[in-house]
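Here's the structure we're looking at; comments come further down.
By convention in this document, chain letters (A, B, ...) are assigned in the order of the sequence lines, proteins followed by strands, and residues within each chain are numbered from 1.
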Protein chains: 2
Amino acid sequence: MTNLLKNKKISETPFRKEVLAIFGRYNNAIPLSIVEKELKEYNRITLYRTIKIFLEKGIIHEITISGEESNYAVCQEECNTDAHHHQHIHFKCKKCEIIYCVEINKFPSIALPNYKIEQLEIQATGLCQSCNV
Amino acid sequence: MTNLLKNKKISETPFRKEVLAIFGRYNNAIPLSIVEKELKEYNRITLYRTIKIFLEKGIIHEITISGEESNYAVCQEECNTDAHHHQHIHFKCKKCEIIYCVEINKFPSIALPNYKIEQLEIQATGLCQSCNV
DNA sequence: TTTTTAAGTGCAACAATGTTGCAATAAATA
DNA sequence: TATTTATTGCAACATTGTTGCACTTAAAAA
């Protein structure tokens with residue numbers, strides 16, 4: 001995790017390390033508001049820029065669910081700006097409201113006549129492991 | 001289309017009819033900016049409230065793709081606030097950048113151990129019928 | 001290790017987007 | 001047509017995101 005910034009060729013600053021550490025403490029996607037709560041003090045603008053560059057460099061990816069605050073999670077594999085290669089679905093639990101990136105081995109394939117599908121993103125809602133009892 | 005507002009039990013005002021007519025003229029999802037362009041003159045607040053109530057009543061649904069303006073499209077089937085029952089995927093063409101709701105007959109099913117999946121939303125990117133030549 | 005260069009940060013100011021209370025107005029109902 | 005209920009528009013505000021510029025820090029070169 002520490003050398004992730006170097007790997008992606010961006011400067012390793014205390015603030016960026018701190019933000020990255022916050023993502024590391026969660027095993028689910030988190031919104032900006034949680035990042036802000038975890039930071040003792042921070043500069044709003046710098047945080048925006050940090051999130052922006054993390055997205056650009058493929059360090060984190062964004063999960064947008066209609067009508068909700070954007071969520072962010074660390075990328076698992078080799079991602080970059082143009083292509084995020086995730087073999088997972090974004091699962092939002094209706095009860096605890098947490099958004100998880102759930103790994104899936106047999107990713108569904110879809111064919112549409114005359115369309116050329118290059119990428120798929122799947123968002124699911126329901127009950128997560130903890131709430132499905 | 002005209003009695004859609006009555007069906008959903010909301011008042012049938014000139015403005016709402018006009019907004020609905022704009023959606024009717026497109027066979028793809030459109031962002032707020034296009035609705036605004038098509039309206040000669042309008043009140044920003046009223047438009048927000050109109051979109052909001054259309055969403056709540058299941059007249060339109062929202063399509064959010066990371067890092068992009070929200071898009072809206074008329075619901076095809078019986079939808080309401082809590083449940084949007086679409087048998088379609090949201091397809092964004094990389095070339096023309098238009099977002100389509102593409103009907104699909106065999107909607108994929110996904111099973112995740114210990115999770116209870118209630119709804120699936122699928123977003124695809126690639127080339128649409130027109131651009132895939 | 002020190003110097004140089006390049007990149008990141010913080011401030012001020014701004015731009016865009018979305019919301020609320022309230023009075024005026026229009027639509028639905030009786 | 002009269003009454004009730006919902007919608008609209010204004011003003012004002014709240015939130016979210018952006019930009020230019022000076023200052024500071026990190027990375028690279030000497």
Between the protein and nucleotides 25-30 of chain C, list the N/O to N/O atom pairs that are separated by less than 3.5 angstrom.
from    : atom 1 : to     : atom 2 : distance (Å)
dA28(C) : OP1    : E12(B) : N      : 2.8

Might you list the N or O atoms of the protein lying below 3.5 Å from N or O atoms in nucleotides 14-19 of chain C, with each pair's distance?
from    : atom 1 : to     : atom 2 : distance (Å)
dG18(C) : OP2    : Y48(B) : OH     : 2.8
dG18(C) : N7     : R44(B) : NH1    : 2.9
dG18(C) : O6     : R44(B) : NH2    : 3.0

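In this pair, H88(B) and H61(B) present their aromatic rings tilted. The plane angle is within the 30 to 60° band. Relative ring orientation between Y100(A) and Y115(B) is described as perpendicular, the plane-to-plane angle rising above 60° on a 0-90° scale split at 30° and 60°.
Note that CG of N28(B) is 12.0 Å distant from NE2 of H90(B), once rounded to the nearest 0.5 Å. How far NZ of K92(A) is from CD of Q123(A): 10.0 Å, rounded to the nearest 0.5 Å. Here CD1 of I65(A) is found 7.0 Å from CG of N71(A). Values are rounded to the nearest 0.5 Å. With rounding to the nearest 0.5 Å, the separation of CZ in F107(A) from CD1 in I89(A) is 8.0 Å.
For DNA chain D, the span of nucleotides reached by chain A at under 4.0 Å from its heavy atoms goes, 5' to 3', from dT16(D) to dA27(D).
Under the 4.0 Å criterion applied to side-chain N and carboxylate O atoms, E18(A) and K40(A) are assigned as salt-bridge partners.
Rounded to an integer number of Å, the gap from NZ of K17(A) to C1' of dG8(C) is 14 Å. The distance from atom NZ of K8(A) to atom P of dA7(C) is 19 Å, rounded to the nearest whole Å. F54(A) has its CZ atom 11 Å from the P atom of dG8(C), to the nearest Å. When the C1' atom of dA7(C) is taken as reference, atom CZ of F15(A) falls 16 Å away, rounded to whole Å. Rounded to whole Å, the distance from NZ on K9(A) to P on dG8(C) is 14 Å.
Proximity of K116(B) to K94(A): side-chain heavy atoms (C-beta onward) are nowhere separated by under 4.5 Å.
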Could you please spell out the steps behind the side-chain contact (heavy atoms from CB on, under 4.5 Å) verdict for I53(B) and R16(B)? CA-CA 10 Å; I53(B) 202 168; R16(B) 286 176 181 172; 4.1 Å; yes
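Remark: E38(B) pairs with R25(B) by the salt bridge (charged side-chain N to carboxylate O under 4.0 Å, His left out) rule, at least two apart or across chains. Looking at residues two or more places apart in sequence or on another chain, you find no salt bridge (charged side-chain N to carboxylate O under 4.0 Å, His left out) involving K52(A).
Listed here is the closest heavy atom pair of P108(A) and L120(A): O-CD1, 3.5 Å. Across all non-hydrogen atoms, the minimal contact from Q129(A) to P113(B) is NE2-O, 3.8 Å.
Comparing the end axes of the helix from dT1(C)-dA30(D) to dA30(C)-dT1(D), each fitted to five base pairs by superposing C1' atoms of four pairs onto the next four, gives an inter-axis angle of 50° (nearest 10 degrees).
Within 4.0 Å (heavy atoms only), R16(A) reaches sugar-phosphate atoms of the nucleic acid but no base atom.
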